[in-house]
Asks: 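Let me give you the structure first, and then I'll get to my questions.
Just the heavy atoms: all of them, side chains too, but no hydrogens, waters or symmetry mates, feed the values below. This chain uses plain numbering: 1 for the first residue, then up along the sequence.
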Amino acid sequence: MSVLDAPVTAAAPAAPTTGLTPIFVRLKLTLLRNGLRQSSGRKAAYIASLVFTLLLAASQVLGLVLLRGNAQAGTVVVLLTAVVALGWAVLPLFFPSGDDTLDPTRLVMLPLRPQPLVRALLVSSMIGIGPLFTLCLAVGSVLALAHGPAGVLFAVVAVPLTLLLCVALSRAVATANVRLLNSRKGRDLAVLSGLVIAVGIQFVNFGAQRLGEAGGLPTLEPAGNVARWLPGASAIAAVDAASDGAYGVAVLQLLITVAALVALVWLWQRGLVKLMTAPGGSTLAAAEPTRKESGRTRLSALLPEGRTATVVHRSLLYIARDPKTKAAWVTALAIGAIVPLINALQGTGSIYFACFAAGMLGMQMYNQFGQDTSAFWMVALTISSTRDAYVELRARALALLLITLPYTVLVCVATAALLGSWQALPGVLGISFALLGAMLAIGAVASALFPYSIPQEGAFKNVAPGQGGLAWISILGGMLAAPVLAGPVIALTVWLHIADRQDALWLVIPAGAVFGALLGWAGLRIAAPRTANRLPEILTAVSKG
């Protein structure tokens, strides 16, 4: 039985919880401050992320204010709010987020009651870049809709309600998924969760695309009429209704948000109690008998003997067994196929959207040592020279290519079949190969220069506190640099189209394959000496989780 259910006795009085919320707020700020103090690079990355978010939020607020008085302003704002709420439900489980104040498993042994704990976690969760962006978006939304005293009054209530609902939704979903990625027996459910997250992200993406189509705004009205009664957007819709004089509708929409918030907090509290008092199923079952790894012999026979075969096999085992690595791969595979195929099914996409698959899977090369966590010290002991580091990185890249190459070809062929663009297929394949080589090169260098820890105890934490900005800068920088490195192949494809030489597009396939291989080889050569020379720093960085 956990301390959450322990009776209060005279011998063990309950700790006062009246000041729990300020303590958690200070804890959140202290963790953030200490994380930024670890290195100037992390501080610069966090500041850059904060500045980028503020600029994006300012542009969003300006755009929403310019919508004021537009006939379609209500539809756009309501749908945008619904998309943001959906993002709060799915994005925190996919992108690096979270910190120790949001991990309930660290609080099991503390004498805390559920209600004060939920209240403290809810308040401390509103400190961060994500809540700041959502707050700016909510303020811009009500500025676009509020007219008259009634509209302003409802706006004052709608803004904090919307922010609280988004944060509570995120925390409730995260708490419900904690054991999915912590449990060995729950790893298959974790993969399913990753697939749901991938699909949810695409709904957010396509929703944002539809909002950006100026000519399609009238067609969004039916969806907007439905979203007005959904908890994620009903509070903002209440401002629009109150401004139009529909006070009864406004009150009802506001009550929907309040009821949803109460229900989410109750579910979150119930999930916390269950999480902190009930043992996980995987901890009760007996250990599974060791099975002979029959696949290892077959795999090793196809690879050079020595370190390469061992590292490739280890990397593939990570993908098959480690819950977080497995969830990340399934999510990348799902998104890489969803983006081009759904666009193709809608008839609005281009076959070159299939290159997105190579980009998504190439990102798995980033932070190669972080997925090892503290066990990286065993790998570090086997690296005594630049040659050892090169073979280690090359083998990890080879393991990635065993999956990414056939998958990329499959997605490109499927997209070409749906669109009937078989003539452009060679160009897509060549660009995909070049992009994949560029991502492998950049990922190898980023793994050596910008390693970060992946905490294993939190299902919704993919980076240690204070390292979130570093992870974002590393990944986003690589995504921007990869097309630049693959520029010659892209330029060749564009030139063949402009010169009306589609019959010669088949040349792009070998050009992209060779150029991608050269980029990958160069990246590994650049990353190898840096990995060998920075082993202590890498070990320290990846062991912080």
Asks: Should Trp377 and Asp372 count as side-chain neighbours, where that means a heavy-atom distance under 4.5 Å?
Replies: no

Asks: Please give me the minimum heavy-atom distance between Gly232 and Ala85, naming the atom from each residue.
Replies: CA-CB, 3.8 Å

Asks: Report yes if some heavy atom in the side chain of Leu341 is under 4.5 Å from a heavy atom in the side chain of Phe353; otherwise report no.
Replies: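 The answer is no, as the side chains (C-beta and beyond) never meet within the 4.5 Å cut-off.
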
Asks: Less than 4.5 Å apart, any side-chain heavy atom of Val118 and any of Gln115?
Replies: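 Val118 does not reach Gln115 side chain to side chain.
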
Asks: At their closest point, which heavy atom of Trp268 faces which heavy atom of Ala172, and how far apart are they?
Replies: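 Shortest heavy-atom separation between Trp268 and Ala172 comes out as CB-CB, 4.1 Å.
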
Asks: Is a side-chain donor or acceptor of Ser170 paired with a backbone partner of Cys166 at a separation under 3.5 angstrom?
Replies: no

Asks: To the nearest 0.5 angstrom, please state how far the CG atom of Leu80 sits from the CD1 atom of Ile236.
Replies: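 Going from the CG atom of Leu80 to the CD1 atom of Ile236 covers 9.5 Å.
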
Asks: Is there a side-chain contact between Ser125 and Phe24 (heavy atoms, below 4.5 Å)?
Replies: no

Asks: When you look at Leu252 and Trp229, which way does the side chain to side chain contact (heavy atoms under 4.5 Å, CB included) test go after all the steps?
Replies: CA-CA 9 Å; Leu252 183 57; Trp229 298 99; 3.6 Å; yes

Asks: Quick one: side chains of residues 147-163, donor-acceptor pairs under 3.5 Å with protein atoms, not counting sequence neighbours, listed by atom name and distance.
Replies:
from: His147; atom 1: ND1; to: Arg68; atom 2: NH2; distance (Å): 3.3
from: Thr162; atom 1: OG1; to: Ala158; atom 2: O; distance (Å): 2.8

Asks: Knowing that exactly one of Val262, Leu267, Leu261 qualifies, which makes a side-chain contact (heavy atoms from CB on, under 4.5 Å) with Val265?
Replies: Leu261

Asks: Would you list the atom pairs, donor with acceptor, under 3.5 Å between side chains in residues 52-62 and any protein atom, with sequence neighbours excluded?
Replies:
from: Thr53; atom 1: OG1; to: Ser49; atom 2: O; distance (Å): 2.8
from: Ser59; atom 1: OG; to: Leu55; atom 2: O; distance (Å): 3.4
from: Ser59; atom 1: OG; to: Leu56; atom 2: O; distance (Å): 2.6

Asks: Can you check whether Gln368's main-chain N or O pairs, donor with acceptor, with Ser447's side chain at less than 3.5 Å?
Replies: yes

Asks: Identify the heavy atoms of Ser141 and Thr81 that sit nearest to each other, and give their distance.
Replies: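 Closest approach of Ser141 to Thr81, heavy atoms only: OG-OG1, 4.0 Å.
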
Asks: Side-chain contact test, heavy atoms from C-beta onward, threshold under 4.5 Å: evaluate it for Ser315 versus Leu400 and give yes or no.
Replies: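 The answer is no; the side chains never approach within 4.5 Å.
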
Asks: Indicate the atoms forming the closest heavy-atom contact of Thr325 with Tyr318, along with that distance.
Replies: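 In this case the closest contact between Thr325 and Tyr318 is CB-O, 3.6 Å.
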
Asks: Calculate, to the nearest 0.5 Å, the distance between atoms CZ and CG belonging to Arg171 and Leu121 respectively.
Replies: 9.0 Å

Asks: Would you say Met126 and Leu164 make side-chain contact, with heavy atoms under 4.5 Å?
Replies: yes

Asks: Between Thr257 (side chain only) and Ala235 (backbone N and O only), is there a donor and an acceptor less than 3.5 Å apart?
Replies: yes

Asks: Start with the C-alpha gap between Arg26 and Ile23, add the side-chain angles, then the distance that decides, and say whether side chain to side chain contact (heavy atoms under 4.5 Å, CB included) holds.
Replies: CA-CA 5 Å; Arg26 290 197 300 270; Ile23 291 175; 3.5 Å; yes

Asks: State the CG-CG distance between Leu20 and Leu117, to the nearest 0.5 angstrom.
Replies: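 Output value for this atom pair is 6.5 Å.
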
Asks: For Leu64, which of Val77, Leu145, Leu143 qualifies under side-chain contact (heavy atoms from CB on, under 4.5 Å)?
Replies: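 Among Val77, Leu145, Leu143, the one meeting side-chain contact (heavy atoms from CB on, under 4.5 Å) with Leu64 is Val77.
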
Asks: Any side-chain heavy atom of Asn367 sitting closer than 4.5 Å to one from Phe450?
Replies: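 The answer is no; the side chains never approach within 4.5 Å.
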
Asks: To the nearest 0.5 Å, what is the distance between CD on Gln269 and CG on Leu272?
Replies: 8.0 Å

Asks: Could you grab the distance from atom CH2 of Trp88 to atom CG of Leu169, nearest 0.5 Å is fine?
Replies: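 Between atom CH2 of Trp88 and atom CG of Leu169 there are 9.5 Å.
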
Asks: Return yes if some donor-acceptor pair links the side-chain N/O of Tyr366 with the main-chain N/O of Ile442 below 3.5 Å, else return no.
Replies: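 Not confirmed, Tyr366 side chain does not pair with Ile442 backbone.
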
Asks: Tell me the closest heavy-atom pair linking Ser234 and Ile256, and the distance in Å.
Replies: OG-CG2, 3.8 Å

Asks: Rounded to the nearest 0.5 Å, what's the gap from CD1 on Ile319 to CD on Gln364? Could you check?
Replies: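 Ile319 CD1 to Gln364 CD: 8.0 Å, rounded to 0.5 Å.
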
Asks: Under 4.5 Å between any side-chain heavy atoms of Gln253 and Asp240, yes or no?
Replies: no

Asks: Taking all non-hydrogen atoms of both residues, which atom of Val173 and which atom of Ala89 are closest, and how far apart?
Replies: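 Closest pair (atom of Val173, atom of Ala89, distance): CG1-O, 3.5 Å.
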
